Asks: 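Take a look at the following structure, please.
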Number of protein chains: 4
Amino acid sequence: MSIEFDNNLPIYIQIMNYIKKEIITGKLQSGDKIPSVRELASLLQINPNTVQRTFQELEREEIVETKRGLGRYVTSEESKIMSIKKEMAGDLIQHFITEMKELGFQEQDILSIVSDAFRTGEFNGRKS
Amino acid sequence: MSIEFDNNLPIYIQIMNYIKKEIITGKLQSGDKIPSVRELASLLQINPNTVQRTFQELEREEIVETKRGLGRYVTSEESKIMSIKKEMAGDLIQHFITEMKELGFQEQDILSIVSDAFRTGEFNGRKS
Amino acid sequence: MSIEFDNNLPIYIQIMNYIKKEIITGKLQSGDKIPSVRELASLLQINPNTVQRTFQELEREEIVETKRGLGRYVTSEESKIMSIKKEMAGDLIQHFITEMKELGFQEQDILSIVSDAFRTGEFNGRKS
Amino acid sequence: MSIEFDNNLPIYIQIMNYIKKEIITGKLQSGDKIPSVRELASLLQINPNTVQRTFQELEREEIVETKRGLGRYVTSEESKIMSIKKEMAGDLIQHFITEMKELGFQEQDILSIVSDAFRTGEFNGRKS
DNA sequence: GTGGTCTAGACCACT
DNA sequence: GTGGTCTAGACCACA
C-alpha cells in the first residue's frame, strides 16, 4: 500500500478516501480488521496523529468501529457500505455536471466528451 | 454580480474561478476592463486585500494584465482564453473519470448515470 | 521611435533612459531641441502627465533645459553629457560585478563568460 | 543573518534574492529546512506576512516546498538549484551586455573596464 | 483613481 | 508549532 499525497488536500482526508475506496471495491470487506494506528503510520511514513485523525473521522461516519482491546473493524452494517458508494459517486457526478454546465457545455457535449475520454484515455493532452 | 461563498475553498480561489468562467462563457471578453480592486471588494463585501490576492494569481496565470495606473484587463491573447476552457474542462473530466473508475464503475455505467442525472436533475437525492 | 515598455519599471524612467541613451550615442546632441510633451505623448501613446514627469526629472538632473516659449533643449554643458555616460556605465558595472561575486563567480570566470557571450550572442540559452 | 534593505526594491523580493543566493552558494542545500515564517520575521524585524509573501513566491518558482505542519524545505530537485544559478547569472549578463552596447561600448572596451574594475575595486568613483 | 506593498493582528487546519 | 487565509488600515508610486 502506498499513496502519493496531493499537497492541496489534507493527508487524513486522502487516507479516508483511500480506505473508503478499498471498502467500496471490496478489497476491505464488512467485518475485516483494519491496520492499527502505529502500523499504518509507519507504513505511510506519516505522523500517528494524522492516522488517528483519519480513524476518528471514519468512526464518526460510522464506517469503521472500534472493538476495545481488539482493534478497529469495517462496519458490520452492509447497508452503510452501500450508501458510501452512492454518496461518493453522487458527489462526484453532481460536482462534475454542475461545473461542466457552468463552462457552457450541454448534455450531448458532455456525453460525447466522456465517451471520447474513455476511447482515447486522454483529456486535452492529459494522460490518464 | 454576487457569489455565494463556500467555506471549504479560499475566497480568492472562488473569485478566480468565477472570473475564469465569466471569460470562458464570453461575459468578459479579451481586452475588457475588469473591476478595480476596491470596486470588487465593496461589491462582494470582502476585504480589498483578498481581491488583490485573486488578481495577483490571475495575473500569474496570464489571464489578466495590469496597465499601470489604468486598471486591469482580460488578456489580449485570445489563445490563452481558449486554453483556459480546455484546461478547466480537462481537469474536471480527468478527475471525474479517474475517481469513478476507482469506485468500480465502467464506461457504460458512467454514461448512463450522467444521462440519467440530466433527465432527473438529481444525483442520489441531491438536487441539482 | 518606439519603446516596448517593461512592466516592472515606471514608464517615465524608461523614457528617461531612452533619451539619455540617445544623447550618449550622439543621436541627440548638445543644444538639440527635444519633442514637446504633447508630441511625445501622442507618439508613444501614453498619458501626457507621464511625459511631463519624464522631462521634470531630466531637468532636475540638468540633462535638459527649458527655454520659455521655445521648448526644451539638450543641455549645452558638454561636460554634463560626458558624466551621464560615466554614471550609467559605472552603475551598470558596479551592479553587475557585485551581483556576480555574490553568486560565487571569480574575476576570471566573469571575463570569460562576458567574452563567450559576445562570441555566441547567447547567455544560457537567452538570445541577445 | 541580516539584510540591509534597499528602499527601491520590495522587501519580499530582496529576501527572495537573499535566499536564492544562499542556495546557489551552497549555504542552504537541497533538502535543508528553511526558517519558519515567524522565526525569520522576528529575525529580520519585519512583519510575518511579508515573509509569507517571500515564501509564497519561492514556492511558486519551485525553489522551496512545504511539508504541511512540518515547515519549508529547499527543493529536493538538484536540477532546479542548478538552473537557478544559470538563470540569475544569465539574466545579469544579458542585461549588462545589452545595456553596455546601447551605451556604445564594444567588446574590448567592456572587457578592459571589467578587468580594471577588479583591479581598482572602483567604478567611476563608486567604491565596491 | 489605480494597483503594490507593508504592518498588525486574528483565526483555522494540519502535523 | 507550522503554514494558509482573511480582515483592517495605511502609505506610496503611477497615470
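Atom set for the values below is all heavy atoms of this structure, side chains included, hydrogens, waters and symmetry mates excluded. Chain identifiers are assigned alphabetically (A, B, ...) following the order of the sequence lines, protein sequences preceding nucleic acid strands; residue numbering begins at 1 within each chain. Since the model is a prediction, treat every value here as computed from it, not as a measurement.
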Asks: Under 4.0 Å, counting only non-hydrogen atoms across every strand here, what does Asn47(B) touch: a base, just sugar-phosphate, or nothing?
Replies: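 Base, at least one base heavy atom under 4.0 Å.
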
Asks: Between Leu9(C) and Arg53(B), who's closer to the 5' end of DNA chain F by nearest nucleotide?
Replies: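 Nearest nucleotide further toward 5': that of Arg53(B).
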
Asks: Can you name the side-chain contact (heavy atoms from CB on, under 4.5 Å) partners of Lys27(B), sequence neighbours left out?
Replies: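 Once residues adjacent in sequence are excluded, the partners of Lys27(B) under the side-chain contact (heavy atoms from CB on, under 4.5 Å) criterion are Glu22(B), Thr25(B).
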
Asks: Heavy-atom nearest nucleotide on DNA chain E for Gln52(B) versus Ile46(D): which residue maps closer to 5'?
Replies: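 Its nearest nucleotide lies further toward 5', so the answer is Gln52(B).
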
Asks: Need one value for Phe55(B): base, sugar-phosphate or nothing, where a base atom within 4.0 Å counts as base even if backbone is also close, heavy atoms only.
Replies: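 Nothing, no heavy atom under 4.0 Å.
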
Asks: Using a heavy-atom cut-off of 4.0 Å to chain D, what are the terminal contacting nucleotides of DNA chain F, in 5' to 3' order?
Replies: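 Contact boundaries, 5' end first: dG1(F) to dC6(F).
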
Asks: To the nearest angstrom, how far is Gln14(A) atom CD from dA13(E) atom P?
Replies: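 Result: 17 Å.
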
Asks: Quick one: does any side-chain atom of Glu62(D) pair with a main-chain N or O of Thr75(D) as donor and acceptor, under 3.5 Å?
Replies: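 No, because the side chain of Glu62(D) does not come within donor-acceptor range (under 3.5 Å) of the backbone of Thr75(D).
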
Asks: Between Lys21(D) and Glu99(C), is there a side-chain N and carboxylate O pair less than 4.0 Å apart?
Replies: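 Looking at Glu99(C) together with Lys21(D), the answer is yes, because their closest N to O distance falls below 4.0 Å.
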
Asks: Quick check: does any side chain N or O of Glu78(B) sit under 3.5 Å from a backbone N or O of Ser30(B), one acting as donor and the other as acceptor?
Replies: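 Such a contact is absent between Glu78(B) side chain and Ser30(B) backbone.
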
Asks: After noting the C-alpha distance and the side-chain angles of Ile84(A) and Met88(A), does the key distance pass the side-chain contact (heavy atoms from CB on, under 4.5 Å) rule?
Replies: CA-CA 6 Å; Ile84(A) 301 170; Met88(A) 289 186 86; 4.1 Å; yes

Asks: For DNA chain F, write out the stems as range with range, using runs of 3 or more consecutive Watson-Crick or G-U pairs with both distances under 3.5 Å.
Replies: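 So far as stems of 3 or more pairs are concerned, DNA chain F shows E:1-14 with F:1-14.
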
Asks: Expressed in angstrom and rounded to an integer, what is the separation of Leu40(A) atom CG from dT15(E) atom P?
Replies: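 Whole-Å distance recorded here is 13 Å.
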
Asks: A quick test of your reading: do over 12 heavy atoms of other residues, nucleotides or ligands sit less than 6.0 Å from CZ of Arg60(B)?
Replies: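 Yes, the 6.0 Å shell around CZ holds more than 12 heavy atoms from other groups.
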
Asks: What residues form a salt bridge (charged side-chain N to carboxylate O under 4.0 Å, His left out) with Glu59(B), not counting sequence neighbours?
Replies: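 With sequence neighbours excluded, Glu59(B) shows a salt bridge (charged side-chain N to carboxylate O under 4.0 Å, His left out) to Arg72(B), given in chain and number order.
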
Asks: Using whole Å, report how far CZ of Phe5(B) lies from P of dC12(E).
Replies: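 These atoms are roughly 19 Å apart.
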
Asks: Looking at Glu57(A) and Ile13(A), would you say the former's side chain and the latter's main chain have a donor-acceptor pair under 3.5 Å?
Replies: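 Between the backbone of Ile13(A) and the side chain of Glu57(A) there is no qualifying donor-acceptor contact (under 3.5 Å).
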
Asks: With sequence neighbours excluded, tell me which residues meet ring pair (Phe, Tyr, Trp, His ring centres under 6.0 Å) with Phe96(B).
Replies: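 Only Phe96(A) meet the ring pair (Phe, Tyr, Trp, His ring centres under 6.0 Å) criterion with Phe96(B).
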
Asks: Under 4.0 Å, counting only non-hydrogen atoms across every strand here, what does Ile11(B) touch: a base, just sugar-phosphate, or nothing?
Replies: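 Since only primed, P, OP1 and OP2 atoms lie under 4.0 Å of Ile11(B), the category is sugar-phosphate.
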
Asks: Is the backbone N or O of Val37(D) less than 3.5 Å from a side-chain atom of Gln52(D), with the two atoms forming a donor-acceptor pair by type?
Replies: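 Checking the backbone N and O of Val37(D) against the side chain of Gln52(D), no donor-acceptor pair under 3.5 Å is found.
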
Asks: Using heavy-atom distances to pick each residue's nearest nucleotide on DNA chain F, tell me which of Glu39(D) and Ile13(B) is more 5'.
Replies: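 In this pair, the answer is Glu39(D).
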
Asks: Using a strict heavy-atom distance below 4.0 Å, which residues from residues 59-77 of chain B are in contact with DNA chain F?
Replies: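 Result for residues 59-77 of chain B: Arg68(B), Gly69(B), Leu70(B), sorted by number.
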
Asks: Give Asn49(D) one of three labels, base, sugar-phosphate or nothing, depending on what nucleic acid heavy atoms sit under 4.0 Å from its own.
Replies: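 It contacts base atoms.
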
Asks: Can you tell me how far OG1 of Thr50(A) sits from CG of Leu44(A), rounded to the nearest 0.5 angstrom?
Replies: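 It comes to 10.0 Å.
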
Asks: Want to settle it: does Tyr12(A) or Pro48(D) sit nearer the 5' end of DNA chain E, counting the closest nucleotide to each?
Replies: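 Upstream on the strand: Pro48(D).
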
